[in-house]
Amino acid sequence: MFRLDRVTNLRATTWQFAVREAPPLDFRRDLASRYPCRVRVEMGVDVEKATVRIPAPYRSHLEPTARGCRFLVGAPDWDDLAWHVLWVSRDLKAPVTVLDGADADPFREAMARISDHAREAS
């Protein structure tokens, strides 16, 4: 709150901005589907542990399986997606299985690039 009697050196500017349309109310829901690079993975950890580590917008696709849980993840590019999945896997100390689908191969290739880079760095 501003008290008008305390405002000093007031001057008008010509700055303008273009009003943008607000995102839909369900914007954060189903976030993974909005990215160009998407893949379904299975992680060897129960849903409760995954829920703590996986951001809320990705939890709408989280479902339990016999070996842990599976969910859909997305990112702007395959390398970013691979890094994020590996990071979550490492934090949870859980193995990751890439489920077959149209986008499984580009994701596996990104994982291989990361693996090769790590091997060369050591």
Side-chain angles (χ1 to χ4, degrees):
M1 197 183 295
F2 296 101
R3 286 186 46 183
L4 293 179
D5 62 334
R6 292 186 178 180
V7 175
T8 60
N9 298 332
L10 182 64
R11 61 186 170 95
T13 67
T14 59
W15 294 353
Q16 296 180 357
F17 66 94
V19 177
R20 294 185 300 179
E21 186 177 328
L25 294 175
D26 66 343
F27 174 74
R28 292 189 56 92
R29 202 172 133 250
D30 201 19
L31 190 60
S33 300
R34 299 177 192 268
Y35 287 111
C37 302
R38 296 181 299 273
V39 69
R40 187 168 293 285
V41 296
E42 184 168 0
M43 199 166 284
V45 65
D46 61 37
V47 173
E48 289 78 27
K49 287 183 182 177
T51 301
V52 172
R53 184 58 178 81
I54 297 171
Y58 295 98
R59 287 189 218 141
S60 61
H61 297 283
L62 190 63
E63 56 189 64
T65 66
R67 295 183 296 180
C69 62
R70 101 175 110 225
F71 52 97
L72 178 70
V73 290
D77 65 62
W78 292 111
D79 288 349
D80 282 351
L81 185 56
W83 276 110
H84 284 90
V85 170
L86 285 172
W87 191 262
V88 170
S89 171
R90 184 192 69 83
D91 282 357
L92 294 174
K93 296 175 180 56
V96 174
T97 302
V98 181
L99 302 176
D100 288 330
D103 295 326
D105 288 339
F107 182 74
R108 286 186 181 109
E109 291 166 8
M111 297 280 263
R113 280 192 298 277
I114 292 169
S115 176
D116 292 345
H117 182 75
R119 206 173 298 111
E120 290 168 6
S122 59

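Quantities reported herein were computed from a predicted structural model and do not represent experimental measurements.
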Check side-chain contact (heavy atoms from CB on, under 4.5 Å) between [X] and all other residues, then give those that pass, not counting sequence neighbours.
{"X": "A110", "answer": "W78, D79, A82, R113"}
{"X": "A75", "answer": "D80, L81"}
{"X": "T13", "answer": "R11, W15"}
{"X": "A104", "answer": "V98, R108"}

Any side-chain heavy atom of [X] sitting closer than 4.5 Å to one from [Y]?
{"X": "M43", "Y": "V88", "result": "yes"}
{"X": "V41", "Y": "T97", "result": "no"}
{"X": "M111", "Y": "L86", "result": "yes"}

**Complete:** Minimal heavy-atom distance between P76 and P36, with the atoms involved, is O-CG, 3.5 Å
**Prompt:** Do T51 side-chain atoms and V47 backbone N/O form a donor-acceptor pair below 3.5 Å?
**Reply:**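 Answer holds: yes.
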**Message:** If we ignore hydrogens and angles and just use 3.5 Å, is the side chain of S89 paired with the main-chain N or O of P95 as donor and acceptor?
**Reply:** no
Working to the nearest 0.5 angstrom, can you tell me the gap between [X] [atom1] and [Y] [atom2]?
{"X": "L72", "Y": "E63", "atom1": "CG", "atom2": "CD", "result": "10.0 Å"}
{"X": "K49", "Y": "L92", "atom1": "NZ", "atom2": "CG", "result": "8.5 Å"}
{"X": "R6", "Y": "R3", "atom1": "CZ", "atom2": "CZ", "result": "4.0 Å"}

**Request:** Could you go through the side-chain contact (heavy atoms from CB on, under 4.5 Å) check for V96 and E42 one step at a time?
**Result:** CA-CA 6 Å; V96 174; E42 184 168 0; over 6 Å; no
**Message:** Tell me whether the count of non-hydrogen atoms from other residues, nucleotides or ligands lying under 6.0 Å of CG in N9 goes above 12.
**Reply:** no
**Message:** Could you go through L99 and R70, starting from their C-alpha distance and side-chain angles, then the distance that decides it, and tell me whether this counts as side-chain contact (heavy atoms from CB on, under 4.5 Å)?
**Reply:** CA-CA 9 Å; L99 302 176; R70 101 175 110 225; 3.5 Å; yes
**By side-chain hydrogen bond (donor to acceptor under 3.5 Å, both in side chains) - contacts of D46 (at least two apart)** =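 Partners of D46 under the side-chain hydrogen bond (donor to acceptor under 3.5 Å, both in side chains) test: none.
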**Request:** Please list all pairs passing the salt bridge (Lys or Arg N to Asp or Glu O under 4.0 Å) test where one or both residues lie in residues 86-97, with sequence neighbours left out.
**Result:** R53-D91
